[in-house]
Amino acid sequence: MSDSVEFDAVVIGAGFGGLRALHDLRQMGLTTVLLEAGTDVGGVWYWNRYPGARTDSEAWYYCYSFSKEVLAEWDWSQRYPTQEEMSRYFQFVTDRLDLRKHIRFQTRLVGATWDESANVWVVRTDDGQSFTCRYLVSAAGPLSKPYLPDLPGLDSFTGQWYQSAYWPKHDIDFTGKRVAVVGTGASGVQVVPVVALSAAQVTVFQRTPNYVLPARNRPLDEAERVAIKADYDNIWERARRQFYAMDLPVCEQAAGDLSREDQQRVLERAWEVGGFRFLFNTFNDLWLDGKANEIASEFIRNKIRAIVKDPATAELLCPKYPLAAKRPPCGHNYYEAYNRENVSLVDVSENPITEILPTGLRTATDKYEADIIIFATGFDAVTGPAQGVDIRGRDGRRLSEAWETVPGTYLGLAVDGFPNLFTVAGPLGPFANGPTMVEGQVEFVTAAIAHMQRNGAAAMEPTPEAVDAWVRHAGEILEGTVLANAATANSWFLGANIPGKPRGILAYFGGAGTYFDRLQDEAASDFPGFTSIVSAQTAQQAVAVNS
Ligand code: NAP
């Protein structure tokens, strides 16, 4: 496209967003390179190889929709694929679409500076390289900067310790070991039942309990696989309309429309079917109405009380905040694990872990022996990855500073003062099924780039007014939901899980369908929320593109 830049586009991260961006930008004829810190593709599915890691969403919509070849040729083995199966899927997609040769593995972005005189990004990597590009597409992932609590004494620990999100590639033998698991989010609840199968003792340190929905995994048989493939057009149609971008029917009933018996029947049915249906196919006011939410929340508490035999443990496992104020994990015999003789629960909500000892952990009052500690302590979500990278836009303004108090974007994808930077899965993008959400976003990014090419624009960026309006809109939506209480549940949605991180809404909770409509309107109306910079050179190129 241009003689003066080394690449038309640089993409960061080989997960769902990055690979789709790489594919689409190359299809547009743009010279594109993807930088990936790992040794292979997969993004979160490359790094999070902890025991029990598998998807919480069903295979047939937790995947790409765009490639007919991939949809036809890839077969899912089970309802919720394991990390290993997800890794193989990413490798298959990468090789089938011939993307590997455009990826630089073991290469981490350390900085990018907007050169205003040339309208290019100057990108720097950790191997000391520097090159220019016109478009910078960050798909570094909202949950890619693991958080490790700052606990004194970790260096003195004589056993082994691991972070779920940086799990080693080799197997860990838990046989006969005393294992401490810190954290009971989506990662911790997958780790516990699997490690309990071989460890001598598993001690789970819980600060805030979660509402863990039963996943009810099962293998997919050939007939189901054939049926899924035949239905893909409908699956994507439904997923793009559904609130969370999942292939689930739209829920029509409010809790108040039903008798008490029918409410329980609906909840029971969703509990039995398993997975996120409990959130999306029970009451359509579950997210909006405290009373409806409490009916569903209490239903789960009663399930916990029925499953977990020790009443004191059961009560500790019962969350007291509204369902969905934290992202509920899907579990595979999570509550059942507490009925095992070798699993115990320690409540550290009032009596926190204060120190790691050479042989275990301690709180203010007690000591716990451990041979292995697993930290499933989450992520500095959404804005975290940008904090460690020196991205500077116009006038040398740093992205980390721009996002310090209010992580503003327009449509989750672009920031004023940072021309031609696209933040796939960035702040205030929709809280939704990742693959479907980022595919919609990448389509918007390529539409924006095509718009620039047609119009001879060297760059575009959102107006501050558009960013402010989107931030306000996302905030107003949050206020109308039960999620406004998320801060009290230490939720990463609000940055509330990281000590010292400013509290601010990090995701758009208006629903994926509404969001996709908004992206389409913006593109169809020639991007009214953006301003463009036209240079003599790009104007000339536009003539070539349009002729
Ligand atoms: P998380 O939900 O943030 O959970 C982190 C856990 O660590 C929380 O229980 C937290 O307690 C605890 N913790 C943090 N610091 C602690 C400390 N000093 N002492 C004791 N406990 C501490 O993180 P995650 O489980 O990795 O999940 C994050 C997100 O990643 C999920 O919401 C989901 O979106 C995604 N994820 C998805 C899957 C999947 O789809 N299969 C699997 C894993 C993760 P508090 O709650 O009190 O802060």
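Heavy-atom basis, side chains included; hydrogens, waters and symmetry copies ignored. Both counts, for ligands and for their atoms, begin at 1 and track the order of listing.
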Is the contact between [X] and ligand 1 made by the side chain, the backbone, both, or neither, using heavy atoms and a 4.0 Å cut-off?
{"X": "Q206", "answer": "neither"}
{"X": "L143", "answer": "side chain"}
{"X": "P149", "answer": "side chain"}
{"X": "T55", "answer": "backbone"}

Of Y321, Y335, F278, which meets ring-ring contact (aromatic ring centres under 6.0 Å, His included) against Y211?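 Of Y321, Y335, F278, ring-ring contact (aromatic ring centres under 6.0 Å, His included) with Y211 is met by Y321 alone.
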
Which of these, F280, F509, Y62, Y61, sits in a ring-ring contact (aromatic ring centres under 6.0 Å, His included) with Y244?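 Checked F280, F509, Y62, Y61 against Y244; only one passes ring-ring contact (aromatic ring centres under 6.0 Å, His included): F280.
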
If you look only at distance, which donor and acceptor atoms sit under 3.5 Å apart when one is on a side chain in residues 421-429 and the other is two or more places apart or in another chain?
unit_1, atom_1, unit_2, atom_2, d
T423, OG1, G412, O, 3.1
T423, OG1, L413, O, 3.3

Which residue and heavy atom of the protein sit nearest [atom], plus the separation:
{"atom": "atom 41 (N) of ligand 1", "answer": "R54 O, 2.6 Å"}
{"atom": "atom 20 (C) of ligand 1", "answer": "V182 CG1, 3.6 Å"}
{"atom": "atom 39 (C) of ligand 1", "answer": "D56 CG, 3.5 Å"}
{"atom": "atom 12 (C) of ligand 1", "answer": "G183 CA, 3.6 Å"}
{"atom": "atom 24 (P) of ligand 1", "answer": "S187 OG, 3.4 Å"}
{"atom": "atom 15 (N) of ligand 1", "answer": "R207 NH2, 3.5 Å"}
{"atom": "atom 8 (C) of ligand 1", "answer": "T184 N, 3.9 Å"}
{"atom": "atom 37 (C) of ligand 1", "answer": "R327 NH2, 3.5 Å"}

Ligand 1 contacted by Y147 (non-hydrogen, < 4.0 Å):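 Checking ligand 1 against Y147, which is what was asked, there is a heavy-atom contact under 4.0 Å.
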
For ligand 1, which atoms sit closer than 4.0 Å to a heavy atom of [X]?
{"X": "Q190", "answer": "41 (N), 42 (C)"}
{"X": "F379", "answer": "26 (O), 28 (C)"}
{"X": "K326", "answer": "45 (P), 46 (O)"}

Tell me which one of [options] gets a heavy atom nearest to [atom].
{"atom": "atom 31 (C) of ligand 1", "options": "W492, W45, Y62, Y50", "result": "W492"}
{"atom": "atom 38 (C) of ligand 1", "options": "A186, G185, A53, P142", "result": "A186"}
{"atom": "atom 6 (C) of ligand 1", "options": "P209, G378, G188, A376", "result": "A376"}

For the residue pair Y508 and W470, is the inter-centroid distance of their aromatic rings smaller than 6.0 Å?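 Aromatic pair counts; centres sit under 6.0 Å.
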
Is the closest side-chain donor-acceptor distance between T365 and N351 under 3.5 Å?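 Result is yes, a qualifying pair exists.
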
For F516, does the six-membered ring have the charged nitrogen or CZ of R240 within the cation-pi criterion, i.e. under 6.0 angstrom from the centroid and within 45° of the normal?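 Yes, R240 and F516 form such a contact.
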
Please confirm whether R20 makes a cation-pi placement over F66, using NZ or CZ under 6.0 Å from the six-membered ring centre and within 45° of the ring normal.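 Checked: cation-pi criterion met.
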
Using a cut-off of 6.0 Å, state whether more than 12 heavy atoms not belonging to R108 lie near its atom CZ.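 No, CZ of R108 has 12 or fewer neighbouring heavy atoms, counting only those of other groups under 6.0 Å.
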
Can you tell me how far the OG atom of S491 sits from the CZ atom of R503, to the nearest 0.5 Å?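 Separation between the atoms: 10.0 Å.
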
Evaluate side chain to side chain contact (heavy atoms under 4.5 Å, CB included) for L213 paired with F276, printing each intermediate quantity in order. CA-CA 7 Å; L213 306 171; F276 289 128; 4.1 Å; yes

Walk me through it: do E355 and K367 pass the test salt bridge (Lys or Arg N to Asp or Glu O under 4.0 Å)? CA-CA 10 Å; E355 189 183 355; K367 282 186 194 172; over 6 Å; no

Name all pairs fulfilling the salt bridge (Lys or Arg N to Asp or Glu O under 4.0 Å) condition that reach into residues 141-165, sequence neighbours left out, sorted by first residue then second.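 Checked against salt bridge (Lys or Arg N to Asp or Glu O under 4.0 Å) - neighbours excluded - the pairs reaching residues 141-165 are K145-D380.
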
